[in-house]
S.K.: 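Below you will find the structure I want to go over with you.
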Amino acid sequence: MPQQISAPHGGQDRGRSRGADVRHDLWGPTLLRAVVALIFAAVTVFWQEPSLGAGRWVMAFFLVGTGVSAIFLQLRLNRREDVDLGPSRNIPQSYGVLYVLGGVLTAVVASSDWLFVLFSAVILGLCGITELVLGMRFRGQFPLGRDWTLCGVVTVFAATGMVLVETLGTKAELGVVGGAAIIVGVTQLIAALSLRHDARAADKALTDPGRTA
């Protein structure tokens, strides 16, 4: 029988009083991140000759959208009394804000190719490492632990790839991040659908335990 997901560090009794499985609050932000990543990936794949000016706005969309999804996740976690991430409780908000600020700087300040790569790679690298550390800490303990780990690794590789192809132009730079976005988008979409399905199954089991006994 599916079980109510409790906090990784205590709070089990309070979790039951919340009424709904925690995965109800996780699938929405996860789906938003998937949609942003897949839109960005589609644009980078089919856009054959992006200019630097247009490319930086597309990158800004990806960074800001990813940041908004992280902040959205933080807001959902904050309203859960049964979720206790300890000292790491505000990390999604932290790298979410960094993504948003990075996206704004990329769009407004990155007037040359090297600045575009610098801002984008630094933001992706810092946020990727932060998310990777968060994922490693809660892998196997929290529903998003493995997803944080995977997204963190992919994002760090995307940052590294941007630096390596800097001399090849905007198309190559966007292509590297777009490839990473495909992986993030697909895995996050699967995760969102799984979280939604599992949350509904857990709620049904709690309200009608006789059917799943």
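Note that these values count all heavy atoms, side chains included, but never hydrogens, waters or copies made by symmetry.
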S.K.: Taking S120 for the side chain and V117 for the main chain, is one N or O donor matched with an acceptor at less than 3.5 Å?
M.R.: no

S.K.: Looking at S51, is its backbone amide N or carbonyl O close enough to the side chain of K171 to form a donor-acceptor pair, meaning the two atoms are under 3.5 Å apart?
M.R.: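 Side chain of K171 to backbone of S51, a donor-acceptor pair under 3.5 Å: no, none is there.
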
S.K.: Would you mind reporting whether T170 and D113 have side-chain heavy atoms less than 4.5 Å apart?
M.R.: yes

S.K.: Can you list the steps and then say if M59 with L174 is a side chain to side chain contact (heavy atoms under 4.5 Å, CB included)?
M.R.: CA-CA 8 Å; M59 179 63 74; L174 289 177; 3.9 Å; yes

S.K.: Would a 4.5 Å heavy-atom cut-off, applied to side chains only, mark T66 and R33 as touching?
M.R.: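 In short, these two side chains touch, coming nearer than 4.5 Å.
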
S.K.: Is the closest side-chain heavy-atom distance between P143 and L195 below 4.5 Å?
M.R.: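 Result yes, sub-4.5 Å side-chain heavy-atom pair found.
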
S.K.: Run V186 and L38 through side chain to side chain contact (heavy atoms under 4.5 Å, CB included) and show every step you take.
M.R.: CA-CA 7 Å; V186 171; L38 291 175; 4.3 Å; yes

S.K.: At their closest point, which heavy atom of V36 faces which heavy atom of F61, and how far apart are they?
M.R.: O-CE2, 3.8 Å

S.K.: Determine whether M136 and L132 make a side-chain contact, defined as any pair of heavy atoms from C-beta on separated by less than 4.5 Å.
M.R.: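 Yes, at least one pair of side-chain atoms sits under 4.5 Å.
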
S.K.: Please give me the minimum heavy-atom distance between S111 and R56, naming the atom from each residue.
M.R.: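 Scanning both residues completely, I find the closest heavy atoms to be CA-NH1, 3.2 Å.
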
S.K.: Angle between ring planes, F138 versus W148, binned at 30° and 60°: parallel, tilted or perpendicular?
M.R.: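 The rings of F138 and W148 stand perpendicular, inter-plane angle above 60°.
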
S.K.: Ignoring hydrogens, what is the shortest heavy-atom contact between A192 and T30? Give both atom names and the distance.
M.R.: N-CG2, 3.8 Å

S.K.: Is there a continuous path of hydrophobic side-chain contacts, each under 4.5 Å between heavy atoms, that joins V97 to I129?
M.R.: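 No, V97 does not connect to I129 through the hydrophobic network.
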
S.K.: If only atom types and distance count, is the side chain of E131 paired as donor or acceptor with the main-chain N or O of I91 below 3.5 Å?
M.R.: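 The answer is no, because no donor-acceptor pair under 3.5 Å joins these two groups.
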
S.K.: Does the side chain of L73 reach to within under 4.5 Å of the side chain of L144, using non-hydrogen atoms?
M.R.: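 The answer is yes; the side chains approach within 4.5 Å.
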
S.K.: Between W47 and V58, does a side chain to side chain contact (heavy atoms under 4.5 Å, CB included) hold up when you go through it step by step?
M.R.: CA-CA 11 Å; W47 198 1; V58 173; 3.3 Å; yes

S.K.: So V177 and F40, do their side chains get closer than 4.5 Å, heavy atoms only?
M.R.: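 Of all side-chain heavy-atom pairs linking V177 with F40, at least one is under 4.5 Å.
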
S.K.: One pair to check against side chain to side chain contact (heavy atoms under 4.5 Å, CB included): I182 and V45. What are the steps and the verdict?
M.R.: CA-CA 10 Å; I182 293 175; V45 167; 4.3 Å; yes

S.K.: What's the shortest heavy-atom distance between A159 and L124, and which atoms?
M.R.: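 So the two residues come closest at CB-CB, 3.8 Å.
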
S.K.: A110 and F119: which non-hydrogen atoms are nearest, and at how many Å?
M.R.: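 For A110 and F119, the tightest heavy-atom pair comes out as CB-CD1, 4.1 Å.
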
S.K.: Could you tell me whether the side chain of F116 reaches within less than 4.5 Å of the side chain of E166, counting heavy atoms only?
M.R.: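 Answer no - side chains too far apart.
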
S.K.: Side chains of L134 and Y95: closer than 4.5 Å at any heavy-atom pair?
M.R.: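 In short, these two side chains touch, coming nearer than 4.5 Å.
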
S.K.: Just how far is it from atom CG of L26 to atom CZ of F142, taken to the nearest 0.5 Å?
M.R.: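 Nearest 0.5 Å value for the CG-CZ distance: 5.0 Å.
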
S.K.: Could you tell me which non-hydrogen atom of L189 sits nearest to which non-hydrogen atom of A34, and how far apart they are?
M.R.: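 For L189 versus A34, the nearest heavy atoms are N-CB, 3.4 Å.
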
